[in-house]
Amino acid sequence: MKKTQLLLLSAICCFALSACVEGEKEDGQSTNGNGFVLSSSEMVDDGHLPAVYTCDGDSFSPPFNWHGAPELTQYYALIMDHNAPDGIHWYWTLYNISANKSQIKSNETLGDIGNNSVNHLNEYTPPCSKGPGEKSYHFTLYALSALAKINSEKSVDRATLLEAIKDITLDSASMTVTYERESNNNDRQLETRPKPQVFQLNPPVLNDSVDSPRCDAIKSSVSDAGFAQGVSVTCDNEYAYVTSSTYPDHEVMTGITGTNEQVPVPAEGYSAPIKLNPVKAENFTTIDAAVGVAVNGVPVYDYSSQGELDIHEYDERHDTLVLGQLDNCGGHSGRGDDYHYHVSPSCMIDTMKKQGSDAIIGWGYDGYPLYGDKNPDGSDIATGALDVCNGQADDEYGYRYQTSAKPPYIIQCLVGEVDTQKLPRVSPLSGDKDGIRAELRPPQGGVENLTHTVSKDGSRTMRYEYQGEEYFTIYSPSSQKEGCYDFKQKTITNGGKVETGTFCRGSQSQPQQAEPNNKVSHSSPISGEHNLKLDAWADNWFAAYIGEELLIEDSVSITTERSFNAESVSFSADYPIELNVVLKDFKQNDTGLEYIGARNQQMGDGGFIMQLTDTDKNEVVAVSDSSWKCEVLHKAPLNKLCESESNPIAGEGYCTFMSKEAPDNWLQNGFDDSSWKNATEHAIASVGPKDGYDEIDWDSNAQFIWGEDLETDNTIICKTTIEQP
């Protein structure tokens, strides 16, 4: 009897609250809190996306219902997207849906349809993630006060639509769902894009007497080209090491319009490992850095400007050549002031002693050679003969790469096995305490008349014009220390101020020849009774202080293309320990965005984890967690719609920001941080730690911390006091 009465009462309440209209599946409706509701009969907010709407099922678009839109609503727009590590992907773009509509059925199209980022066709495309783990997908319905006026001659992408509706959006409602692909669902070969790891280790033991035909061929390719004086080749039983300064003996930088205001700085001792016994791999490998090296010792990259590369889909918006980022010789300087090629190195070829079609112009890390635009016998390469990596079978070497006049221009992926942990990178410039070269970026619209000259005294000058004004970067070898350079610059990025500084190129990382955990610890002058070791990992950069004394600074500059690595430092100190840290996520400017102007323009995300170990007792005495006190110094964008702006400008439109200086005395013991917020702990899945994180055996209590928002909190300072256990 009691159960019957309870059921009757529940039914009455359900009817009165209008909560049972669609049944149990409708309970997952999502609203913005103002009454505008998006719901689905097949899934719930924060639930799972049914496989039928993915590439593992029927690839249908899902159904939705909505109600509670503002009275002035005339049209709707609907977007499905996913915030991936390489930028935002979108799968469904509908707009100008009539206001008299309140639902869309599965596999139905309403209004006008835009494209997706997978195949760029005007259609729904199902999620088909390549990487492991659960992915989040967002559906957002926009209530519009007017028709979205868009040029119908162009395919409408997500950014275009958001730009068109930003001033006519009355309200929005959203739903987020997740989906994780099972490994056996992936019926397509996956291409991985590993990132080179950084190891500061001793150079490999080299032996000039190694009996290897491939070693002899690599040596001959360098000497035949006439570069033996500046490039050395030594071999061990596994690799040939092509060692150089990465600075070419031809003009550089001249002709660039899309400059990032970086300059080529020599990197003495850079050593590229080429496999001596290449073996075809089951999967192709792409690398978000160098994929090989030219015979003059300059690193070779794929054609893309930044971020992840889809080898099956050429993207003009990511093409360094199309973007005007390359000089007349096919190269440019990256964010680490490192010179490298993205297309055929034409100027290098012009200076080679052996210039015929049978001349090898470079080597992939996997051990296969790179030739020019023709077959080694001088014949033209047949249409369609080159595979997706821009290579083909070779009678002498088993396989060879080619350059080409059309994309992808040069090595796009590696067909042979390659150990990405043994790959080098150019060590970044250090000593930029004032940050004058920290966040240089391409100016909107590009520059004019860029030239680069080298004087007899060794100084180098890059000059260019922007909106009628001249800018420059001048640097020359410094007398302070070998490998250091005195800079003087006037950049567009920094507002045309004349700035000076002395920056040094650190010793070059060498290919790994030891266990990954054999990292060199940084020494510290801090001393005390207790012997301790601090391990830390940050996305992207951190500095740690004991009181006001610097303990350790991230050895990889935040401007380095892949600035992810773990750091360890051993020191001694007395309790209580006042630990202070500065945390920074990379941003190109005050918009808080990165990859500005590229298809993967995005808000970056942060994350920091630390543990402190008493090495005498071999026990962890402190970890990063929510007990830390933190203050956000830079937050941007304040409106996340800035991420989709076609021309984001800091301080304008959606791209407003908050920026303030750290308190002068915040490093001092006894500083009052009571007004600061506690750090926010973030799940490992939200942070997605990258290179270097797995090198540390983390204590289970160590948590990723940051501000409240991983994406918009860009610069943070944190404090904690560690008492004696």
Side-chain angles (χ1 to χ4, degrees), residues 191-194 213-214 217-218 220-222 224-225 227 233 239-240 242 272-304 309-312 314 319-321 326 329-331 340-346 348-349 352 354-418 420 423:
E191 293 80 31
T192 58
R193 191 174 178 82
R214 191 63 54 108
I218 295 171
S220 296
S221 67
V222 172
D224 290 349
F227 299 128
V233 179
Y239 294 93
V242 180
I274 309 301
K275 292 199 73 171
L276 295 180
N277 301 292
V279 177
K280 291 285 187 68
E282 292 184 5
N283 298 324
F284 298 138
T285 299
T286 64
I287 305 173
D288 195 8
V291 291
V293 64
V295 289
N296 65 346
V298 173
V300 171
Y301 281 52
D302 59 47
Y303 77 85
S304 63
L309 174 72
D310 185 344
I311 63 174
H312 296 287
Y314 164 70
D319 188 328
T320 51
L321 184 62
L326 302 184
C329 301
H340 51 260
Y341 299 119
H342 280 276
V343 301
S344 177
S346 56
M348 181 201 77
I349 294 173
M352 289 171 56
K354 180 180 180 180
Q355 298 182 7
S357 299
D358 59 341
I360 294 174
I361 63 175
W363 295 86
Y365 284 141
D366 56 3
Y368 294 114
L370 171 66
Y371 286 86
D373 288 356
K374 291 190 175 185
N375 292 313
D377 63 6
S379 63
D380 292 334
I381 298 173
T383 301
L386 300 183
D387 61 22
V388 70
C389 292
N390 223 40
Q392 60 183 329
D394 183 84
D395 292 337
E396 183 175 359
Y397 295 104
Y399 182 88
R400 66 174 183 267
Y401 299 102
Q402 306 273 177
T403 61
S404 56
K406 295 181 179 180
Y409 310 117
I410 204 162
I411 302 173
Q412 180 170 228
C413 49
L414 298 175
V415 302
E417 293 179 353
V418 61
T420 57
L423 302 185

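Residue indices begin at 1 and follow the sequence shown. Just so you know, these numbers come straight off a predicted model, no measurement behind them.
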[atom1]-[atom2] distance between [X] and [Y], expressed to the nearest 0.5 angstrom:
X: Ile360; Y: Glu396; atom1: CD1; atom2: CD; answer: 7.0 Å
X: Cys329; Y: Ile349; atom1: SG; atom2: CD1; answer: 10.5 Å
X: Thr320; Y: Leu326; atom1: OG1; atom2: CG; answer: 3.5 Å
X: Tyr239; Y: Arg214; atom1: OH; atom2: CZ; answer: 14.0 Å
X: Arg400; Y: Leu386; atom1: CZ; atom2: CG; answer: 8.5 Å

Where [X] and [Y] come nearest, the two heavy atoms and their spacing:
X: Ile274; Y: Gly364; result: CG2-O, 3.5 Å
X: Ser357; Y: Asn375; result: CB-O, 3.3 Å
X: Ala294; Y: Val300; result: N-CG2, 3.6 Å
X: Met352; Y: Ala359; result: CE-CB, 4.0 Å
X: Gly416; Y: Ala281; result: C-CB, 3.8 Å
X: Val418; Y: Tyr365; result: CG2-CB, 4.0 Å

Given side-chain contact (heavy atoms from CB on, under 4.5 Å), test Thr403 with Tyr371 step by step and report yes or no.
-> CA-CA 7 Å; Thr403 61; Tyr371 286 86; over 6 Å; no
Option among Thr286, Asp302, Ile287, Asn283 that satisfies the side chain to side chain contact (heavy atoms under 4.5 Å, CB included) test with Leu414 = Ile287
Using the side chain to side chain contact (heavy atoms under 4.5 Å, CB included) rule, pick out the option among Val279, Asp366, Thr285 that qualifies with Glu417.
-> Val279
Checking side-chain contact (heavy atoms from CB on, under 4.5 Å) for the pair Asp377/Asp358: CA distance, chi angles, key distance, verdict?
-> CA-CA 6 Å; Asp377 63 6; Asp358 59 341; over 6 Å; no
Run the ring-centre check on Tyr303 versus His342 and record whether the distance is less than 6.0 Å.
-> no
Using a distance-only test with no angle check, is there a side-chain donor-acceptor pair under 3.5 angstrom linking [X] and [Y]?
X: Ser404; Y: Asn390; result: yes
X: Asp224; Y: Ser220; result: no
X: Tyr341; Y: Asn296; result: yes
X: Asp319; Y: Tyr409; result: yes

Aromatic plane relationship, Tyr399 with Tyr368 - under 30° parallel, 30 to 60° tilted, over 60° perpendicular = perpendicular
Checking side-chain contact (heavy atoms from CB on, under 4.5 Å) for the pair Ile411/Val291: CA distance, chi angles, key distance, verdict?
-> CA-CA 7 Å; Ile411 302 173; Val291 291; 3.7 Å; yes
A side-chain contact here means heavy atoms from C-beta on lying under 4.5 Å apart; do [X] and [Y] qualify?
X: Tyr314; Y: Pro408; answer: no
X: Pro345; Y: Ile361; answer: yes
X: Met348; Y: Phe227; answer: yes

Please confirm whether the backbone N or O of Asp373 pairs with a side-chain atom of Gln402, one donor and one acceptor, at under 3.5 Å?
-> no
Sidechain-backbone polar pair: Asp310 side chain, His312 backbone, donor-acceptor under 3.5 Å | yes
Stepwise side-chain contact (heavy atoms from CB on, under 4.5 Å) check, Leu370 with Trp363 = CA-CA 5 Å; Leu370 171 66; Trp363 295 86; over 6 Å; no
